[in-house]
There are 2 protein chains.
Amino acid sequence: MGKKQLIMEKAVELFAQQGFELTSVQQITEHCGISKGAFYLSFKSKDELIIALIDQFMSQMISDTDYQVTKNQNDEKTLYEFYFTMFKSSQKHSNFAKILMKEQSQSFNKELVSKFHHYDRLLEKTILTMMEGLFGEKIENTKHDLVYCIKGFISIYSELILFNNVPVNLEQLAHSLVEKTNLLATQITTPFVTKEIFQLKRLSHEEVTKDQLLEILEQSLSEAEELLEQESLSLLKQHLLEPSLSQVLIEGLLKNIQGYPNCKWIAYLLRNYFALEFTENK
Amino acid sequence: MGKKQLIMEKAVELFAQQGFELTSVQQITEHCGISKGAFYLSFKSKDELIIALIDQFMSQMISDTDYQVTKNQNDEKTLYEFYFTMFKSSQKHSNFAKILMKEQSQSFNKELVSKFHHYDRLLEKTILTMMEGLFGEKIENTKHDLVYCIKGFISIYSELILFNNVPVNLEQLAHSLVEKTNLLATQITTPFVTKEIFQLKRLSHEEVTKDQLLEILEQSLSEAEELLEQESLSLLKQHLLEPSLSQVLIEGLLKNIQGYPNCKWIAYLLRNYFALEFTENK
DNA sequence: TATAATAATGACTAATTAGTCAGTTGTCAA
DNA sequence: TTGACAACTGACTAATTAGTCATTATTATA
């Protein structure tokens, strides 16, 4: 076994027990029976190690699950396989899964946070595609909300089986969640997470690019029905392409459009975007 | 405002941003505009501060929620009030709620962990009582599972509103969750979390006392139908009261009973209990 | 104003940390 | 046997940490 692999395996054990911050490189090297110098031959830093761990395990977990979902042809077994594979995978890599639960929202290393969000987005995509395949048009308005319910189930039941010495029947767990998911998918009428919130959440973690904003603005513009709405959007578009208006005027334009339902989102995004620029220019 | 209160308020801000471990006492005192010594006049240690924070906020959140639930007379508004109060409370104390999400499963200070579990148990109790009041006998077999679904909802939607700059309509969120909860409560047929798992999970975090074991053992004994089952349980009870049998004999007795459905749990608990004793006596 | 009591300070200790690097060891081929 | 190269070591640095304590400042009381 390579040194790198040895370090990763031993480190996972310690991180699962004590967490990333509270585990020192010293401890890791002692646990491996190697010297401190040897560690730094394999990894440039402690951060590089945790990043490597996340990439190794997450890509495997996601691809395992995604494979199960895409190979199934949207029959009644798909949901079951999804849940079963998910929990089986987190049971197999239980130490890593523990790290994931512990560090997911706690880490403050920028690269780490973006890694987590990257894989979280992949998982959301898998779930969304699966649900679309299974229920089609019927869940058009509820599918994003359903993704959150499913994530909630996964999170709370994972915690239960990972951190409590409870003997678990994964088949039963998967069956139980399939029933719940079917119930919710076929009968929910008032979703909370809308398409807008879903996409907004995905954007709020990365820098929203000017191009993305323009795209969304164009869309709102094409849907605009009233003149005030159209002209305000048009002016905002010009200002986005080539800043020319004062902070106060922008604020007014945003107020103009934020009353229209189809402009709520772009108004919100633009306000964030310009506010950011403003403070940066100070 | 007292020094203690000042420190707590400022510390919450920093902990929410950076986490407990990554925030130094130095940083806290600078943020307060006081000296390091002054900090230690109010708190014996950094740990004492976080414990005080948890007690202050958690007791308030739990009692807010519990009050809403118990004052309502199990009408259709109860569930709505529960969810609304819950999210309102976590929005009001958003910095603390963030700390809670970040540190809950990550902390390794023993006292902290037991604090978290204490309040988690209180919340579970509130939810369980509420659901029993609302749905009564109909959810006898599913109620513990429902508690987990509800906790899952709370956890995932809290994360959404706390860590993403998404404008949120709490009324809508509460309504949406009421619908989901009603659906699940009235239609679930295959729960995963049984009464046993629920209680077992609650026990696994505290030291299981001999008295608790005896109580459960008595119950199993009273339900025992076959002779082998009865005698094995009886012998185990004697050994529990006054150890006399060897490790091997105990193992055999446990094997005798673990086949019976009503003994699965006590067998599991006893195995843990005796295994623990054994290793401790070495 | 003088005295006592309390509050607050910040330089200090001792411990721990991530990361470095001059030097040692092991392993091959010539 | 020699030399060259890579793998490895662990004492070291510089920074940071929680917590202490002799000293100083503030306030209340007589």
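Sequence lines set the chain letters: A, B, ... in the order given, protein chains first and strands last, and positions in each chain run from 1. Heavy atoms only: backbone and side chains are in, while hydrogens, waters and symmetry mates are out.
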(Q) Going by side-chain hydrogen bond (donor to acceptor under 3.5 Å, both in side chains), name the residues that satisfy it together with A:D120, two or more places apart in sequence or in a different chain. (A) A:K151, A:K201
Q. How many Å lie between CZ on B:F39 and P on C:dA7, as a whole number?
A. 17 Å
Q: Under the ring pair (Phe, Tyr, Trp, His ring centres under 6.0 Å) rule, collect the residues that match up with B:F153, sequence neighbours excluded.
A: A:F153
(Q) So if I take residues 45-55 of chain A and measure heavy-atom distances to DNA chain D, which residues fall below 4.0 Å? (A) none
Q | B:T129: side-chain contact (heavy atoms from CB on, under 4.5 Å) partners, not counting sequence neighbours | A | B:K125
Q) For A:T23, what residues pass the side-chain hydrogen bond (donor to acceptor under 3.5 Å, both in side chains) criterion, not counting sequence neighbours? A) A:Q18
(Q) Using a 4.0 Å heavy-atom cut-off, does A:T29 contact any base of the nucleic acid, only the sugar-phosphate backbone, or nothing at all? (A) nothing
(Q) Show me the pairs that pass side-chain hydrogen bond (donor to acceptor under 3.5 Å, both in side chains) and involve residues 29-47 of chain A, at least two apart or across chains. (A) A:E13-A:H31, A:D47-A:N109
**Q.** Non-neighbouring partners of B:Y83 that pass side-chain hydrogen bond (donor to acceptor under 3.5 Å, both in side chains), sequence neighbours left out
**A.** B:T181
Write out a two-atom table: protein N or O, nucleotide N or O from nucleotides 22-24 of chain C, distance below 3.5 Å.
none

Side-chain atoms of residues 57-64 of chain A: list all donor-acceptor pairs with protein atoms under 3.5 Å, sequence neighbours left out, distances to 0.1 Å.
residue	atom	partner	partner atom	Å
A:S59	OG	A:D55	O	2.6
A:S59	OG	A:Q56	O	3.2
A:S63	OG	A:S59	O	2.8
A:S63	OG	A:Q60	O	3.1

Q. Who are the ring pair (Phe, Tyr, Trp, His ring centres under 6.0 Å) partners of B:F82, not counting sequence neighbours?
A. none
**Q.** Under 4.0 Å protein heavy-atom contacts per nucleotide of nucleotides 20-27 of chain D, with B for base, S for backbone only and - for none
**A.** BB------
Q. Under the side-chain hydrogen bond (donor to acceptor under 3.5 Å, both in side chains) test, which residues partner B:S155, sequence neighbours left out?
A. none
